[in-house]
Undergrad: 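Here it is: the structure, laid out below.
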Amino acid sequence: MGRRIRIRIRVLTCDNAMNTTSRCRRAPTTCVAAAALLLAATACTPAPRPILAVEATIADIHDALLSGRTTCRMVVQAHLDRIDAYEHLINAITVVNPAALDRADELDADLAAGETPGPLFCVPMLVKDNFDTHDMITTGGSVALRYSVPPDDAFMVRRIREAGAIVVAKTNMAEWAFSPRQSVSSSFDTTRNAYALDRVPAGSSGGTASGVAAAFGLIGLGSDTGNSIRGPSSRLALVGIRSTIGLTSRDGVIPLSFDRDIAGPMGRTVEDVTRVFTIVAGYDPADPYTEAGREHREVDYTRFLDADGLEGARIGVFRALVDTEDADSAVLAVFANAVEEMAGLGAEIVDPFDFDLSAQSRRPNMYCRRFRYDMHMYLRSLGARAPITDVVAVLETGDYGADAERSLRNAENAPLDVPPAEWDPPCPDYADNAERQGFLADLVAAMDEAELDALVYPTWLSPPAHIDRANAEYSGDNSQRVAPATGMPAITVPMGYTEGVHPAGLQILARPYAEGLLFRLAYAYEQGTGHRWPPEGFPELGR
């Protein structure tokens, strides 16, 4: 008799094919016909599907793209669909990028061709309406610039695009970035708070804040002269960072006060903000302030992310920015709980941190009304495309909103084309301003004496005002008192809610160029508490 041969036939499913190929990768010498199994697994990979946009992270999108579970076109389309469905509720968007899907198709083709994706590959981003974009209007919140298309991108916009991000839309803002109270422009009207439609999102980056919170984009860019990244971020349960003056470029960002302006990311997680910050930070010859920060930029800020990052950190409670007459008791209760949470996560709390902030505020020459000059320089950068050359000319044409008139009137008598350092009396730049540098030195010395790593306080001391009483109910704006004058970096991270619905932010302030430390502390707090949840009125579409 011949030898009996036993043949085993195995039905290969997607799951066991993937499991088998996974074992092959771990122990290839034990596998039989690994190539055939891998081919079978690839053949039965499910067809790409749209992503879930609500609370998606950069890591989520990249994982789905690289595994073939979705496409860049689907990622972008999901966010465009959300704008179509929900924009009428909050009025966060000024203009949608008509080329967004074409760019998504290009990135899909690049990935299929085996090209290495950039660090922000297919990240759908929102950009505040004061960042220059060569392919979309940039109005700065003013109807005077309603047809202005800049000749090139702002430095940060160029950097995120080079890294693979897609600008899906521009976002509304307070006119000329004047108001921290709310985001009302003469070009695109009023933005509402995504968590409570009858409340303000704060200003001036309220469109970016509400839009990111509602998942119109995964993350966005805003600007902060006094409080305009951190304030709206705190109102919308976002993470937002105002970096050290000199670490990030403001080139191509419509200025409010160039010696205080900062631009940067606003997002739903510390990790996402850190990823974008790594891309946009750095030297730019078009912004002379960045020469000072040239040697301080970290190659990768994500290396600071540590869930145990609060362990052993000495944190001072900056009582001068907590116990004020206009502090709301509900916000103070949330902050007190946040301080306890930090202690529970291993931080050593120093309370109070003693510092005479009122004496610093009385220093002369702390603020320079240079808006007219800075705007003149910006308008010159537009070349022949500039619709105006002097911003106060709008007072004659009527191209301004009621909220902007007072600030425009205040700029009327400032010199137009004389640098502030040459005024009489002079208005020196940040690095040459003895009073601001003295404020910085005194505060750092006090932190050194107390052996503190960072200071904490609420990002805003009151809940958001009702949108129809924004001016009357404006109070508790404490974030303008330290970081803008000293140039120190500060980050805000969600710390809870008042009345169960209004987000409140925890602000962490550190020494110059200590952004890595800020990311470490904020990440540890975020991971240890998990305070953020999405606004209820903007669910996933089709579910």
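Hydrogens, waters and symmetry mates are skipped; everything else that's a heavy atom, side chains included, is used. Being a predicted model, the structure only gives us computed values, none of them experimental. Heads up: numbering here begins at 1 and tracks the sequence.
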Undergrad: Going through the checks in order, is the side chain to side chain contact (heavy atoms under 4.5 Å, CB included) test met by Phe371 and Leu408?
TA: CA-CA 9 Å; Phe371 172 66; Leu408 288 167; 4.2 Å; yes

Undergrad: Can you name the residues that form a ring-ring contact (aromatic ring centres under 6.0 Å, His included) with Tyr523, not counting sequence neighbours?
TA: none

Undergrad: Answer yes or no: is there a donor N or O on one side and an acceptor on the other, between the side chain of Arg103 and the main chain of Ile166, under 3.5 Å?
TA: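 Checking the backbone N and O of Ile166 against the side chain of Arg103, no donor-acceptor pair under 3.5 Å is found.
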
Undergrad: Any sub-3.5 Å donor-acceptor pair from Ser210's side-chain atoms to Gly207's backbone N or O?
TA: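 No, the answer is negative, given that no donor and acceptor are paired below the 3.5 Å cut-off.
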
Undergrad: Quick one: does any side-chain atom of Asn227 pair with a main-chain N or O of Ser479 as donor and acceptor, under 3.5 Å?
TA: no

Undergrad: Do side-chain atoms of Arg159 reach the backbone of Ile279 as a donor and acceptor pair under 3.5 angstrom?
TA: yes

Undergrad: Please find the pair of heavy atoms, one from Gly231 and one from Ser234, that lie closest to each other, and give the distance.
TA: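 So the minimum-distance heavy-atom pair works out to O-OG, 2.7 Å.
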
Undergrad: When you check the gap from the basic side-chain N to the acidic O, do Arg161 and Asp135 get nearer than 4.0 Å?
TA: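 Result for this pair is yes, salt bridge flagged.
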
Undergrad: Using distance only, find each side-chain donor-acceptor pair of residues 260-267 under 3.5 Å and give its atom names and separation, not counting sequence neighbours.
TA:
{"residue": "Arg260", "atom": "NH2", "partner": "Met366", "partner atom": "O", "Å": "2.3"}
{"residue": "Asp261", "atom": "OD1", "partner": "Thr225", "partner atom": "OG1", "Å": "2.5"}
{"residue": "Asp261", "atom": "OD1", "partner": "Ser257", "partner atom": "N", "Å": "3.1"}
{"residue": "Asp261", "atom": "OD2", "partner": "Leu256", "partner atom": "N", "Å": "3.0"}
{"residue": "Asp261", "atom": "OD2", "partner": "Ser257", "partner atom": "N", "Å": "3.3"}

Undergrad: Hey, what do you get for CG (Leu518) to OG1 (Thr244), rounding to the nearest 0.5 Å?
TA: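 Here the interatomic distance stands at 8.0 Å.
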
Undergrad: Could you give the distance from CZ (Phe277) to CZ (Arg297), rounded to the nearest 0.5 Å?
TA: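 Those atoms lie 9.0 Å apart.
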
Undergrad: Measuring from atom CG of Leu305 to atom CZ of Arg275, what distance do you get when rounded to the nearest 0.5 angstrom?
TA: 9.0 Å

Undergrad: How far apart are the closest heavy atoms of Val143 and Tyr400, and which atoms are they?
TA: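 That would be CG1-N, 4.1 Å.
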
Undergrad: Under 3.5 Å, is there a donor on one side chain and an acceptor on the other for Ser185 and Asn172?
TA: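 Side-chain D/A pair, Ser185 to Asn172: present.
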
Undergrad: Quick one: list whatever passes ring-ring contact (aromatic ring centres under 6.0 Å, His included) with Tyr283, sequence neighbours left out.
TA: none

Undergrad: Enumerate the side-chain hydrogen bond (donor to acceptor under 3.5 Å, both in side chains) contacts for residues 107-128, please, sequence neighbours excluded, ordered by first and then second residue.
TA: Lys128-Ser204, Lys128-Ser205, Lys128-Ser223

Undergrad: Return yes if some donor-acceptor pair links the side-chain N/O of Asp132 with the main-chain N/O of Asp153 below 3.5 Å, else return no.
TA: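 A pair under 3.5 Å: no.
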
Undergrad: Name all pairs fulfilling the salt bridge (Lys or Arg N to Asp or Glu O under 4.0 Å) condition that reach into residues 73-87, sequence neighbours left out, sorted by first residue then second.
TA: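 Matches after skipping sequence neighbours: Arg73-Asp105.
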
Undergrad: Considering only residues two or more places apart or on different chains, which pairs with a residue in residues 99-217 satisfy disulfide bond (SG atoms under 2.5 Å apart)?
TA: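 Counting only pairs at least two positions apart or across chains, the disulfide bond (SG atoms under 2.5 Å apart) contacts touching residues 99-217 are Cys72-Cys122.
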
Undergrad: Taking C-beta and beyond as the side chain, do Val96 and Ile83 meet within less than 4.5 Å on heavy atoms?
TA: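 Of all side-chain heavy-atom pairs linking Ile83 with Val96, at least one is under 4.5 Å.
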
Undergrad: Is there any ring-ring contact (aromatic ring centres under 6.0 Å, His included) pair reaching into residues 89-129, and which pairs are they, with sequence neighbours excluded?
TA: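 Every candidate ring-ring contact (aromatic ring centres under 6.0 Å, His included) pair involving residues 89-129 fails, so no pair, neighbours aside, qualifies.
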
Undergrad: OG1/Thr492 to CG/Leu509 distance, rounded to the nearest 0.5 angstrom?
TA: 12.0 Å

Undergrad: The criterion is side chain to side chain contact (heavy atoms under 4.5 Å, CB included); which residues satisfy it with Asp224, sequence neighbours excluded?
TA: Ile229, Arg230, Arg242

Undergrad: Under a 3.5 Å distance rule, please check whether Glu540 uses its side chain to pair with a backbone N or O of Val54 as donor and acceptor.
TA: yes

Undergrad: Identify, with sequence neighbours excluded, every residue that meets ring-ring contact (aromatic ring centres under 6.0 Å, His included) alongside Tyr86.
TA: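 Expected list: Phe538.
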
Undergrad: Does the gap between the ring centers of Phe258 and Tyr373 come in under 6.0 Å?
TA: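 No, too far apart.
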
Undergrad: Do Glu515 and Ser243 have a side chain donor and acceptor closer than 3.5 Å?
TA: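 No, no side-chain donor-acceptor pair sits under 3.5 Å.
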
Undergrad: Does either side chain, that of Asp152 or that of His134, offer a donor lying less than 3.5 Å from an acceptor on the other one?
TA: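 There is no such pair (donor and acceptor under 3.5 Å, judged by atom type) between the side chains of Asp152 and His134.
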
Undergrad: For the backbone of Leu197 and the side chain of Arg192, can you confirm whether one donor and one acceptor N or O come within less than 3.5 Å of each other?
TA: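 Yes; judged by distance alone, with no hydrogens or angles, the pair exists.
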
Undergrad: With a 6.0 Å cut-off (strictly less than), is the heavy-atom count around CZ of Arg385, excluding the residue itself, greater than 12?
TA: yes

Undergrad: What residues form a salt bridge (Lys or Arg N to Asp or Glu O under 4.0 Å) with Asp287, not counting sequence neighbours?
TA: Arg250

Undergrad: Kindly write out the residues that satisfy side chain to side chain contact (heavy atoms under 4.5 Å, CB included) with Pro124, not counting sequence neighbours, or none if the list is empty.
TA: Ile61, Val75, His79, Val168, Leu218

Undergrad: Does any donor atom in the side chain of Thr191 or Ser183 lie under 3.5 Å from an acceptor atom in the other side chain?
TA: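 The criterion, which ignores hydrogens and geometry beyond distance, is not satisfied for Ser183 and Thr191.
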
Undergrad: With a 4.0 Å cut-off on N to O distance, would you call Asp63 and Arg69 a salt bridge?
TA: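 Yes, Asp63 and Arg69 are salt-bridged.
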
Undergrad: For Ala237, which residues count as a side chain to side chain contact (heavy atoms under 4.5 Å, CB included) partner, sequence neighbours excluded?
TA: Tyr195, Pro494, Tyr497, Pro503, Arg532

Undergrad: Distance only, no hydrogens: is a donor on one side chain within 3.5 Å (strictly under) of an acceptor on the other, for Thr57 and Asp272?
TA: no

Undergrad: Before you tell me yes or no, could you show the steps for Leu379 and Leu145 under side chain to side chain contact (heavy atoms under 4.5 Å, CB included), namely the whole-Å CA-CA distance, both residues' side-chain angles and the distance that decides it to 0.1 Å?
TA: CA-CA 10 Å; Leu379 293 166; Leu145 300 186; 4.3 Å; yes

Undergrad: When you compare the side chains of Ser249 and Thr290, does any donor N or O come within less than 3.5 Å of an acceptor on the partner?
TA: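 Looking only at side-chain atoms, Thr290 and Ser249 do not form any donor-acceptor pair under 3.5 Å.
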
Undergrad: How long is the span from the OG1 atom in Thr278 to the CZ atom in Arg303, to the nearest 0.5 Å?
TA: 10.0 Å

Undergrad: Kindly indicate, with the supporting measurements, whether the criterion side chain to side chain contact (heavy atoms under 4.5 Å, CB included) is fulfilled by Val276 and Ile58.
TA: CA-CA 10 Å; Val276 173; Ile58 295 175; 4.3 Å; yes

Undergrad: Any side-chain donor paired with an acceptor under 3.5 Å for Asp189 and Asn91?
TA: no

Undergrad: Which pair of heavy atoms, one from Leu521 and one from Gly309, lies closest together, and at what distance?
TA: CD2-O, 3.6 Å

Undergrad: Report the C-alpha separation of Val212 and Leu238 in whole Å, then their side-chain angles, then the decisive distance to 0.1 Å, and conclude whether the side chain to side chain contact (heavy atoms under 4.5 Å, CB included) test is met.
TA: CA-CA 8 Å; Val212 171; Leu238 300 181; 4.0 Å; yes

Undergrad: Which value, rounded to the nearest 0.5 Å, describes the distance between Asp129 atom CG and Thr138 atom OG1?
TA: 6.0 Å

